[in-house]
Amino acid sequence: MPEYLPTAPYRGTRDFLPPEMSVRTQVFGHLYDVLERHGYQRYDGPILESAEIYEKKSGQEIADQQLYTLTDRGGRRLALRPEMTPTVARIIAGNAGSLQFPVRWYSHPNCHRYERPQRGRVREHWQINADIFGSDSANCEIDIFELIHDLMREVGATEDMFVVRANDRNLLSSALTDLVGVTGEQLPQVFGLVDRWEKYDRETLAKQAEEIGLGDKQFEKLGDVLGAGTALLDELPAAVKESSNLVSVLSSEAASLVRFDPMIVRGLAYYTSTVFEVFDTSPENNRALFGGGRYSDLAGLFTAQQIPGIGFGMGDVTLMDFLGTHGLTPQPRSEVDVVVIPVAEELGGAARKVATELRNAGLRTSTPIELRKLGKELSRADKAGARAVVIVGQEDWDAGNVTVRSLATREQRVVALSEAASSVAELLG
């Protein structure tokens with residue numbers, strides 16, 4: 001007996017059959033439309049990059065635990081991209097001289113991370129990235145927050161289904177050092193603790209705080225700071241607040257787009273001030289859907305030119321979970337709108353001619369690959385989701401006609417070939 005290879009995909013990756021691919025195409029097509037209506041232009045980059053850019057740009061967790069690496073025949077260490085930001089940093093730096101900043105760009109890359117597969121996390125995912133490069137203005141934050149709300153509305157979400165929770169790392173740094181007494185050396189570790197705050201029980205968090213070097217009173221004060229909400233802003237120095245774009249947003253007409261939350265910190269190393277995460281408000285899926293933030297020196301690995309930016313990455317896995325939770329997942333499209341069926345093999349050329357006319361009119365049209373009896377072809381067309389068929393018979397064809405039939409009502413009529421497309425369109429509504 002031959003030994004066949006397994007048909008299952010590599011763990012943590014997925015196959016998308018046509019019905020699921022139809023759903024994804026519909027969802028992402030709507031999102032592309034929103035992005036382009038907001039003035040974002042699409043770009044792309046290679047799936048392979050130097051491993052070094054992730055090790056220096058993406059943070060320790062990705063670099064040490066999640067990176068897929070390889071060495072090519074020239075001895076170069078490469079990695080499958082785990083995220084798009086380092087790639088776009090390289091692209092922006094390499095083309096900065098020809099760009100008119102600020103620019104709005106978006107992409108939809110395929111990314112890979114070696115993670116333990118679970119709900120909301122796989123090893124291969126697709127992620128819509130949207131960024132503004134080349135401006136420090138708080139209007140960038142407002143633009144991004146407005147975009148997020150429009151993207152969520154476009155997939156059917158209402159404002160009560162999600163919330164954008166935002167923070168500023170500089171505000172949090174001030175609170176940690178001035179109010180909690182965290183030292184500069186402890187700050188990166190405490191940021192990591194804050195990032196885990198909602199994922200662990202209090203006992204575990206207290207133990208981790210002790211390992212960092214925080215005393216019991218400091219741990220209690222840290223909890224107070226993280227739960228303070230907007231009241232925390234009243235305790236921070238005026239100079240820190242005046243330099244914060246997020247505070248400017250909270251003082252503007254765009255304040256309703258976000259909720260200030262000291263617990264949002266984001267794990268990636270390149271964020272420098274504004275950070276945010278979009279959360280599902282449903283108790284059935286109470287988790288972060290996607291997030292992003294501002295980086296003051298996007299291209300610092302590649303050029304001396306300082307290029308600030310702000311953006312986010314929206315992953316496909318959590319987005320699809322959100323749509324499923326709220327009953328917003330679209331139905332797969334049918335294979336075709338109409339099938340052209342010849343009643344005999346010798347009419348195959350005539351059927352293909354009719355199909356060409358229908359396709360030119362914008363109708364998704366197929367013809368049988370292997371012709372069977374008319375009844376079986378009608379059944380096959382119905383199962384394919386077609387709502388109409390065009391039957392090509394010899395007598396009709398000789399007279400310049402075809403028969404158009406609705407599969408919903410079984411109504412049919414003979415029409416001139418020149419009227420076939422308009423008759424089918426009328427049946428389809």
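At least one donor-acceptor pair closer than 3.5 Å links the side chain of Asn110 to the backbone N or O of His125. No donor-acceptor pair closer than 3.5 Å links the side chain of Thr13 to the backbone N or O of Pro9. In this structure, Arg294 contributes its side chain and Ser273 its backbone to no donor-acceptor pair below 3.5 Å. Side-chain atoms of Glu426 do not come within 3.5 Å of backbone N or O of Ala421 as any donor-acceptor pair. A side-chain donor-acceptor contact under 3.5 Å links Ser282 to the backbone of Glu284. For the pair Ser423 (side chain) and Glu419 (backbone), a donor-acceptor distance under 3.5 Å is present. Proximity of a side-chain donor or acceptor of Ser22 to a complementary backbone N or O of Pro332 within less than 3.5 Å is not detected. In this structure, Ser252 contributes its side chain and Val249 its backbone to a donor-acceptor pair below 3.5 Å. Without hydrogens or angle criteria, Ser174 side chain to Leu171 main chain gives no donor-acceptor distance under 3.5 Å. Judged purely by atom type and a 3.5 angstrom limit, Thr204 has no side-chain atom pairing as donor or acceptor with the backbone of Tyr200.
Residues Thr158 and Asp160 bring a donor and an acceptor atom of their side chains to less than 3.5 Å of each other. Side-chain contact, Asp143 with Tyr40: a donor N or O sits under 3.5 Å from an acceptor N or O. Defined by atom type and a distance below 3.5 Å, a donor-acceptor pair is present between the side-chain atoms of Glu141 and Thr274.
Taking 4.0 Å as the cut-off between side-chain N and carboxylate O, Glu52 and Arg76 do not count as a salt-bridged pair. Of the charged side-chain nitrogens involved, at least one lies within less than 4.0 Å of a carboxylate oxygen, so that Glu220 and Arg202 count as a salt-bridged pair. Between Arg364 and Glu335 there is no salt bridge, since no side-chain nitrogen of the basic residue lies less than 4.0 Å from a carboxylate oxygen of the acidic one. Salt-bridge formation is detected for the pair Arg24/Asp316: a Lys NZ or Arg NE/NH1/NH2 atom is positioned less than 4.0 Å from an Asp or Glu carboxylate oxygen. Using a 4.0 Å cut-off between a side-chain N of Lys or Arg and a carboxylate O of Asp or Glu, Arg37 and Glu154 qualify as a salt bridge. We find that Glu124 and Arg113 are not joined by a salt bridge, their nearest charged nitrogen and carboxylate oxygen being 4.0 Å or further apart. Look at Arg77 and Asp72 and you find no salt bridge, because none of the NZ, NE, NH1 or NH2 atoms lies under 4.0 Å from a carboxylate O. Remark: Glu370 does not engage Arg380 in a salt bridge, criterion side-chain N to carboxylate O under 4.0 Å. Using a 4.0 Å cut-off between a side-chain N of Lys or Arg and a carboxylate O of Asp or Glu, Asp216 and Lys221 do not qualify as a salt bridge. The pair Glu411-Arg405 fails the salt-bridge criterion, with no side-chain N (NZ, NE, NH1 or NH2) lying under 4.0 Å from an Asp/Glu carboxylate O.
No side-chain heavy atom of Val336 sits less than 4.5 Å from a side-chain heavy atom of Thr365. Residues His38 and Asp150 have side chains in contact (heavy-atom distance under 4.5 Å, counting atoms from C-beta outward). Using a 4.5 Å cut-off on side-chain heavy atoms (C-beta onward), Val390 and Val338 make contact. Residues Pro308 and Tyr295 fail the side-chain proximity criterion, which asks for heavy atoms closer than 4.5 Å. Residues Leu319 and Val27 form a side-chain contact, since some pair of their non-hydrogen atoms from C-beta on lies under 4.5 Å apart. Annotation: side chain of Thr325 is in contact with side chain of Asp280 (closest heavy-atom distance under 4.5 Å).
Evaluation of the ring pair (Phe, Tyr, Trp, His ring centres under 6.0 Å) test over residues 237-261, restricted to residues two or more places apart or in two chains, returns none.
Between Tyr32 and Phe28, the angle of the ring planes stays under 30°, which puts this pair in the parallel group of the 30/60° scheme. A tilted orientation is assigned to the rings of Tyr43 and Trp105, their planes being inclined by 30° to 60°.
Under the 6.0 Å distance and 45° angle rule, Arg169 does not count as a cation-pi partner of Phe191.
Residues that satisfy the ring pair (Phe, Tyr, Trp, His ring centres under 6.0 Å) test with His149, not counting sequence neighbours, are Phe162.
Atom CG of Leu205 sits about 11.5 Å away from atom NZ of Lys199, to the nearest 0.5 Å.
Ring pair Phe219/Trp197: centre-to-centre distance below 6.0 Å.
Residue Phe290 forms a ring-ring contact (aromatic ring centres under 6.0 Å, His included) with just one option from Phe276, Phe312, Phe279, and that option is Phe312.
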Audit row: Arg165, Glu198, salt bridge (charged side-chain N to carboxylate O under 4.0 Å, His left out) steps and yes/no: CA-CA 13 Å; Arg165 295 163 58 183; Glu198 294 182 295; 3.0 Å; yes

